[in-house]
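Atom set for the values below is all heavy atoms of this structure, side chains included, hydrogens, waters and symmetry mates excluded.
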Amino acid sequence: MTIQFSAVHNTFYKDFEVWRKDSEKDGLPISGVYKLVADKPIGRLLGDDNYGVLYIGKGVILSTASRVGKFINALNNTESRHNGGIRLNAPNILNKFPIENLKVEITLTESPEELESNLLHQYNEEFGEMPPFNRRMEFTK
């Protein structure tokens with residue numbers, strides 16, 4: 001199951017906390033993969049990414065101090081403990097990709113490392129490079 005949230009700090013946490021508590025009650029996996037997606041295509045080396053993927057990450061999701069929470073906080077410039085999130089805060093990037101137009105897509109899984117690796121590998125194969133805010137080749141294939 002994949003769910004999407006606004007990347008705006010207050011909106012994200014309002015919706016995320018309700019979903020997080022429901023997911024814990026339902027016994028869903030606590031870890032997963034999250035993507036930051038734009039509302040427009042992004043030109044890449046081998047063609048346009050029409051889905052607008054800016055970042056792919058993994059971590060414990062269903063936690064009050066989750067990796068995706070650190071990402072949202074860094075995107076919204078309220079903390080600096082997530083390098084992928086910090087990269088958005090350059091003025092020229094914010095002008096092109098306002099936070100109000102970004103979404104965070106979350107997929108819970110028992111094997112977040114494998115899913116993240118597969119997604120990064122697929123992205124690299126299709127576009128010839130990593131998503132803009134991913135800096136390392138983190139897939140294992």
Side-chain angles (χ1 to χ4, degrees), residues 1-90 92-141:
M1 175 181 86
T2 300
I3 188 161
Q4 205 174 66
F5 298 95
S6 169
V8 175
H9 194 269
N10 293 341
T11 305
F12 172 84
Y13 278 110
K14 182 180 110 232
D15 297 336
F16 177 79
E17 280 304 309
V18 171
W19 174 78
R20 182 183 71 78
K21 289 175 184 173
D22 288 344
S23 297
E24 285 177 334
K25 286 181 205 168
D26 292 342
L28 295 175
I30 64 168
S31 296
V33 171
Y34 53 98
K35 292 182 191 176
L36 180 67
V37 294
D39 65 343
K40 57 185 160 191
I42 299 170
R44 307 306 295 156
L45 184 64
L46 299 179
D48 288 343
D49 170 5
N50 292 318
Y51 196 65
V53 176
L54 293 167
Y55 183 81
I56 299 172
K58 69 175 181 325
V60 174
I61 305 292
L62 299 182
S63 160
T64 55
S66 70
R67 181 84 175 138
V68 73
K70 289 176 176 45
F71 182 67
I72 288 295
N73 293 344
L75 283 176
N76 287 274
N77 210 19
T78 61
E79 77 171 62
S80 60
R81 292 188 292 173
H82 193 294
N83 290 331
I86 292 168
R87 291 183 190 113
L88 176 73
N89 288 306
N92 58 337
I93 294 174
L94 282 173
N95 287 337
K96 185 151 178 121
F97 299 100
I99 194 85
E100 298 81 24
N101 298 342
L102 302 178
K103 301 286 184 199
V104 175
E105 185 176 280
I106 297 173
T107 304
L108 297 178
T109 178
E110 295 288 348
S111 52
E113 293 84 6
E114 181 180 349
L115 179 57
E116 179 196 41
S117 178
N118 289 339
L119 291 171
L120 289 170
H121 179 73
Q122 290 169 0
Y123 194 95
N124 190 59
E125 285 291 309
E126 184 172 353
F127 300 111
E129 58 187 318
M130 300 299 282
F133 295 150
N134 286 89
R135 294 288 172 115
R136 298 187 317 235
M137 300 292 272
E138 297 186 31
F139 54 84
T140 56
K141 292 184 179 184

Task: Closest non-hydrogen atom pair, V53 against P132 - done: O-CD, 3.4 Å
- [ ] Tell me, with the steps shown, if K58 and R67 meet side chain to side chain contact (heavy atoms under 4.5 Å, CB included).
- [x] CA-CA 8 Å; K58 69 175 181 325; R67 181 84 175 138; over 6 Å; no
Task: Under 3.5 Å: donor-acceptor pair, side chain of R44, backbone of M130 - done: yes
Task: Backbone N/O of K103 and side chain of Q4: donor-acceptor pair under 3.5 Å - done: no
Task: Closest heavy-atom pair and its distance - T11, S6 - done: CG2-CB, 3.7 Å
TODO: Hey, could you give me the CD1/NE2 distance between I72 and H9, rounded to the nearest 0.5 Å?
DONE: 8.0 Å
TODO: Output yes when K21 and E24 qualify as a salt bridge under the 4.0 Å nitrogen-oxygen rule, no when they do not.
DONE: no
Task: Polar side-chain atom of Y13 near backbone of G69 as donor-acceptor pair, under 3.5 Å - done: yes
- [ ] Kindly say whether P41 contributes a backbone atom to a donor-acceptor pair with the side chain of D49 at under 3.5 angstrom?
- [x] no
Open item on the list: Looking at E114, I want to see if its CD is surrounded by more than 12 non-hydrogen atoms of other residues, nucleotides or ligands under 6.0 Å.
Closed with: no
Task: K96 atom NZ: more than 12 heavy-atom contacts under 6.0 Å - done: no
Task: Gap separating the CG atom of D39 from the CD atom of E100, nearest 0.5 angstrom - done: 10.5 Å
Open item on the list: Please give me the minimum heavy-atom distance between L62 and P29, naming the atom from each residue.
Closed with: CD1-O, 3.4 Å
TODO: Quick one: pull up CG in L36 and CD in E105 and give me the separation to the nearest 0.5 Å.
DONE: 10.5 Å
Task: Y55: which of Y123, F133, F71 passes ring-ring contact (aromatic ring centres under 6.0 Å, His included) - done: F71
Open item on the list: Would you compute the distance between atom CD1 of I30 and atom CD of E110 and round it to the nearest 0.5 angstrom?
Closed with: 8.5 Å
Open item on the list: Can you tell me how far apart OH (Y51) and NZ (K35) are? Round to the nearest 0.5 Å.
Closed with: 6.0 Å
Task: Evaluation steps, side chain to side chain contact (heavy atoms under 4.5 Å, CB included), between I106 and F16 - done: CA-CA 10 Å; I106 297 173; F16 177 79; 3.8 Å; yes
- [ ] Flag this pair as yes if the NZ/CZ of K40 is under 6.0 angstrom from the six-membered ring centre of F97 and inside a 45 degree cone about the axis; otherwise no.
- [x] yes
TODO: Work out which heavy atom in S31 is nearest to a heavy atom in P112; give both atom names and the distance.
DONE: CB-CG, 3.6 Å
Open item on the list: How long is the straight-line distance from CG of L120 back to CD of E125, given to the nearest 0.5 Å?
Closed with: 12.0 Å
Task: Least distance between heavy atoms, P131 atom then L54 atom - done: CB-O, 3.6 Å
Open item on the list: Let's go through E116 and I56 carefully: what are the C-alpha distance in whole Å and the side-chain angles of both, what is the deciding distance for side chain to side chain contact (heavy atoms under 4.5 Å, CB included) to 0.1 Å, and is it a yes or a no?
Closed with: CA-CA 7 Å; E116 179 196 41; I56 299 172; 4.1 Å; yes
Open item on the list: Students often mix this up, so state it plainly: with edges at 30° and 60°, are the rings of F5 and F12 parallel, tilted or perpendicular?
Closed with: perpendicular
Open item on the list: side chain to side chain contact (heavy atoms under 4.5 Å, CB included), that's the test. Do D22 and V18 meet it? Break it down for me.
Closed with: CA-CA 6 Å; D22 288 344; V18 171; 4.0 Å; yes
Task: Where V8 and I99 come nearest, the two heavy atoms and their spacing - done: CG2-O, 3.9 Å
